[in-house]
Amino acid sequence: MGLAGSDIVVIALVALVILVLFAGIKTVPQGFRYTIERFGRYTRTLEPGLNLIIPFIERIGAKLNVMEQVLDVPTQEVITKDNASVSADAVAFYQVLNAAQAAYQVANLENAILNLTMTNIRSVMGSMDLDELLSNREQINERLLRVVDEAVGPWGIKVTRIEIKDIRPPVDLVDAMARQMKAEREKRAQVLEAEGYRNAQILRAEGAKQSAILEAEGQREAAYREAEARERLAEAEAKATQMVSQAIAAGDINAINYFVAQKYTEAMTSIGTASNSKIVLMPMEASSLIGTLGGIGAIAREVFGEAPAQPPRPRMAPARSTSARTTPAVNPFAADRPSEEN
């Protein structure tokens, strides 16, 4: 059965409606913005997702990427403030904030941002000396970002970062800088070495000074204490002599024996400790020494309050006279003399 004319018209109308609907449905991907023009005039901006436009009356004007984008700035020659020629390249990051302004305020947006960045690189770097240029990249980046971002503001663009990638001076200039750096390092090393030597000499002198002061103080203290000891010894000697003198004046024979025995013992000690004596010949009476020691014992017994078993005075006098008369017969050293001479 054939189709009537009205059915064909209905089918055509349905197909036309479907085509119109498909023409009016627009899908915007995430990260993009589409501008809509009605009869060539901007009306609105489509957001990401499903959108409807009026077919045949409205159309998409520009499709703009609103994600942050990277723009590579090519290498260019820059003349610094001190007339040094350097090569520099950079990279810029920007983002579209207003799609309408980016689409209709400037033509060829990327090229405009690129040329603006290159021009400001030459301006900023050309106003600095070479040393300042090589050591202040952070300052260069900051100045570039401020100037370029202010310039692209009316275009609906936000420049987020501008980074100088590399600054290359000429080879001969690099060699000269290396020699200069080496000379400065050597000078600094010599200065530090001289300062270290000076400080060491100062410290040594201060140490020697302190050592001399301490040594002098020690000698002074030693001399003071030695003088004090001699003074105490002299006082003791004087006191002992005074006491012996008083005892002698009182008629105490034991005091005389004690005094003689003390001097006798000291003389014997000096003779025995002499370093240059090997054989000592003592033509002395051993009985006299024994008698003197007996007198010392009697004095000690009287001092400590012990009564002697026999009176010491009658016992000491015969011994002293007998030994004086019989010295050749009882001398103990005479028996040893033949053996020593042999």
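Every heavy atom of this structure was used, including side-chain atoms; hydrogens, water molecules and symmetry mates were not.
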Asks: Could you point out which residue of Leu144, Ile162, Leu114, Asp89 forms a side-chain contact (heavy atoms from CB on, under 4.5 Å) with Val73?
Replies: Leu114

Asks: Below 4.0 angstrom, N of the basic side chain to O of the carboxylate: do Glu226 and Arg230 qualify?
Replies: yes

Asks: So, do Met125 and Ile167 sit near enough that their side-chain heavy atoms are less than 4.5 Å apart?
Replies: yes

Asks: Does Asp149 reach the main-chain N or O of Leu145 with its side chain, forming a donor-acceptor pair under 3.5 Å?
Replies: no

Asks: Show the nearest heavy-atom pair for residues Thr35 and Ala99, with the distance to one decimal.
Replies: CG2-O, 4.2 Å

Asks: Quick check: does any side chain N or O of Gln69 sit under 3.5 Å from a backbone N or O of Asn65, one acting as donor and the other as acceptor?
Replies: yes

Asks: So Lys26 and Leu46, do their side chains get closer than 4.5 Å, heavy atoms only?
Replies: yes

Asks: Should Gln101 and Ile157 count as side-chain neighbours, where that means a heavy-atom distance under 4.5 Å?
Replies: no

Asks: Does CD in Glu150 sit with more than 12 non-hydrogen atoms of other residues, nucleotides or ligands closer than 6.0 Å?
Replies: no

Asks: With rounding to the nearest 0.5 Å, note down the distance linking CG in Asn141 to CD1 in Ile121.
Replies: 9.0 Å

Asks: Looking at Glu228 and Arg232, is there a salt bridge between them, counting it only when a charged N and a carboxylate O are closer than 4.0 Å?
Replies: yes

Asks: With a 3.5 Å cut-off and no angle check, do the side chains of Tyr224 and Gln219 form a donor-acceptor pair?
Replies: no

Asks: Dump the intermediate steps for side chain to side chain contact (heavy atoms under 4.5 Å, CB included) on Glu132 and Gln139, then the final yes or no.
Replies: CA-CA 10 Å; Glu132 186 181 4; Gln139 182 180 354; 4.2 Å; yes

Asks: Got Leu134 and Pro169 here, is their nearest side-chain heavy-atom distance under 4.5 Å?
Replies: yes

Asks: Side chains of Phe56 and Val20, heavy atoms from C-beta outward: is any pair under 4.5 Å?
Replies: yes

Asks: What's the verdict on side chain to side chain contact (heavy atoms under 4.5 Å, CB included) for Glu68 and Arg161, showing C-alpha distance, side-chain angles and the deciding distance?
Replies: CA-CA 10 Å; Glu68 188 173 1; Arg161 291 189 301 275; 3.8 Å; yes

Asks: Check for a donor-acceptor pair, side chain of Thr119 on one end and backbone N or O of Asn115 on the other, with a separation under 3.5 Å.
Replies: yes

Asks: Output the distance between atom OG (Ser87) and atom CD (Glu77), rounded to the nearest 0.5 Å.
Replies: 3.5 Å

Asks: From Gln180 CD over to Asp131 CG, what is the distance, rounded to the nearest 0.5 angstrom?
Replies: 6.5 Å

Asks: Taking all heavy atoms of Leu64 and all of Ala102, pick out the closest pair and write down the distance.
Replies: CD1-CB, 4.0 Å

Asks: Is the shortest distance from a Lys or Arg side-chain nitrogen in Lys239 or Glu235 to a carboxylate oxygen in the other one below 4.0 Å?
Replies: no

Asks: Is a side-chain N or O of Asn51 found less than 3.5 angstrom from the main chain of Gly49, in a donor-acceptor match?
Replies: yes

Asks: Do Glu58 and Thr43 get their side chains close enough for a donor-acceptor pair, meaning under 3.5 Å?
Replies: no

Asks: Under a 3.5 Å threshold, yes or no: a donor from one side chain and an acceptor from the other, between Tyr197 and Gln201?
Replies: yes

Asks: Can a donor-acceptor pair be found, under 3.5 Å and without considering hydrogens, that links the side chain of Gln105 to the backbone of Trp155?
Replies: no

Asks: Taking all heavy atoms of Ala103 and all of Ala62, pick out the closest pair and write down the distance.
Replies: CB-CB, 3.9 Å

Asks: Is any side-chain heavy atom of Asp129 closer than 4.5 Å to a side-chain heavy atom of Leu133?
Replies: no

Asks: Mind checking the CD-CD1 spacing from Glu163 to Ile140? Nearest 0.5 Å is all I need.
Replies: 11.5 Å

Asks: Just wondering, are more than 12 heavy atoms of other shown residues or ligands nearer than 6.0 Å to NZ in Lys81?
Replies: no

Asks: Nearest 0.5 angstrom please: Phe32 CZ to Lys63 NZ, how far?
Replies: 9.5 Å

Asks: Is any side-chain heavy atom of Glu37 closer than 4.5 Å to a side-chain heavy atom of Arg59?
Replies: yes

Asks: Enter the distance from Ile36:CD1 to Tyr42:OH here, rounded to the nearest 0.5 Å.
Replies: 9.0 Å

Asks: Quiz question: by atom type and distance under 3.5 Å, do the side chains of Thr160 and Gln95 form a donor-acceptor pair?
Replies: no

Asks: Any heavy-atom pair between the side chains of Val91 and Ile164 that's under 4.5 Å?
Replies: no

